[in-house]
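Data first, discussion second: the structure below is written as structure tokens.
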Protein chains: 2
Amino acid sequence: MKNSQLYKGSLTTIVMKLLEENGRMYGYEITQKVKEITKGELKITEGALYPALHKLEAEGVLEVEIENVDNRLRKYYKLTEKGTSETVNRLAELEEFIKNMQSIVNPKLT
Amino acid sequence: MKNSQLYKGSLTTIVMKLLEENGRMYGYEITQKVKEITKGELKITEGALYPALHKLEAEGVLEVEIENVDNRLRKYYKLTEKGTSETVNRLAELEEFIKNMQSIVNPKLT
DNA sequence: ATTTTATACATAGAAGTCTTATGTATATAA
DNA sequence: TTATATACATAAGACTTCTATGTATAAAAT
């Protein structure tokens, strides 16, 4: 992703949130969406994304639908039932993480 | 640290911010401080902290003062000049990271 | 006509961070 | 006397991500 180690560990949470939001997406679409949302500040690399998608699929968090569009392969991913409930937990953890980091960075506000 | 991968990559930023705030601290003190600030939610493990401190020292970000207190060794760390300016960058990156993550999690607000 | 860019997938090797487990040592509380 | 708190440290393994590389089609630019 971008500079800074901070994004490490947030990839699966990002993917799961986007799929919750958009129903189903394919890999390349996810990279473009993240670039767009963050105004180019965060770029997800393919070397990180594809193995992550495969792992989430193997864990039963995502399921895949393969389609052929314009003579090109597309693998659409969507959350399974398990994945949907997992996403709730992930987002709660993310909120808690952000809250904790803000407590550290800005101790006066807490 | 705690559950969730999210904290990966945030350790050095946390350490640098705490040292900026408190002047100088020793390892054990840092672990306790973080536990206190986050109300026990974030626990920094020694296996992560000590190697991180050594690395930051090797990079010239931190410098160490060894003292003997109550027959126990203490290694106080503080930011070097380089470390102080590095901390400014790290905190800016953290703010940007949080902003980006919030854009992803809550696209309606942006 | 040919090269570059965009789309779309994939993996292998290396780098880097963190966890778990373990080790040393002193002081205090149970 | 045993457990807990204080205080340091490292080694092995797990895990994630990056860089580099590979395949393939289509469109745009030179």
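Order of the sequence lines sets the chain letters (A, B, ...), proteins ahead of strands, with each chain counted from 1. Keep in mind the model is a prediction, meaning the values are calculated, not measured.
- The CG atom of B:L49 sits 11 Å away from the C1' atom of D:dA9 (whole-angstrom rounding).
- Checking the phosphate oxygens (OP1, OP2) of D:dT17, no side-chain nitrogen or oxygen of B:K8 falls inside 4.0 Å.
- Whole-Å rounding puts the B:E59 CD to C:dG16 P distance at 10 Å.
- Partners of A:T80 according to the side chain to side chain contact (heavy atoms under 4.5 Å, CB included) rule, which considers only residues two or more places apart in sequence or in another chain, are A:E63, A:K82.
- The NZ-P distance, from B:K75 to C:dA25, rounds to 17 Å in whole Å.
- The phosphate of D:dC15 has neither OP1 nor OP2 within less than 4.0 Å of any side-chain N or O from A:K55.
- Residue pairs meeting the ring pair (Phe, Tyr, Trp, His ring centres under 6.0 Å) criterion with at least one member in residues 34-66 of chain B: none, sequence neighbours excluded.
- Screening residues 8-44 of chain B for ring pair (Phe, Tyr, Trp, His ring centres under 6.0 Å), with sequence neighbours left out, gives B:Y26-B:Y76.
- Listed nucleotides D:dA9, C:dC18, C:dA10 differ in distance to B:A48; the shortest reach to its side chain belongs to C:dC18.
- The stretch residues 65-74 of chain A touches DNA chain C through A:R72, A:L73, A:R74, each having a heavy atom under 4.0 angstrom from the strand.
- Both B:L53 and A:P51 lie close to DNA chain D; mapped to their nearest nucleotides by heavy-atom distance, the more 5′-ward contact belongs to B:L53.
- Regarding A:Y76, its OH atom lies at a distance of 14 Å from the C1' atom of C:dC9, rounded to whole Å.
- Listed pair B:H54 / D:dC8 fails the phosphate criterion, with no side-chain N or O lying under 4.0 Å from OP1 or OP2.
- Taking 4.0 angstrom as the limit, A:Y50 places a side-chain polar atom (N or O) nearer than this to OP1 or OP2 of C:dC9.
- The salt bridge (Lys or Arg N to Asp or Glu O under 4.0 Å) test applied to B:E59 returns B:K55, not counting sequence neighbours.
- For residues 55-75 of chain A, no residue pair satisfies the ring pair (Phe, Tyr, Trp, His ring centres under 6.0 Å) rule, not counting sequence neighbours.
- Taking atom OH of residue A:Y7 and atom C1' of nucleotide C:dC18, one finds them 21 Å apart after rounding to whole Å.
- With sequence neighbours left out, A:K35 forms a side chain to side chain contact (heavy atoms under 4.5 Å, CB included) with A:Q32, A:K43.
- By the rule that hydrophobic residues join a cluster once side-chain heavy atoms approach within less than 4.5 Å of another member, B:V64 and B:M16 end up as members of one cluster.
- Within the structure, side chain to side chain donor-acceptor pair (under 3.5 Å) contacts touching residues 15-24 of chain A (residues at least two apart or in different chains) are A:K17-A:E20, A:K17-A:E21, A:R24-A:E65, A:R24-A:E67.
- Between A:E29 and A:K33, none of the side-chain N atoms (NZ, or NE/NH1/NH2) sits under 4.0 Å from a carboxylate O, so this pair counts as no salt bridge.
- Against DNA chain C, the stretch residues 23-33 of chain B makes no heavy-atom approach under 4.0 Å.
- As a whole-Å value, the separation of B:L6 CG from C:dT17 P is 17 Å.
- Residue side chain B:E46 reaches the base of D:dC8 through a donor-acceptor N/O pair under 3.5 Å, judged by distance alone.
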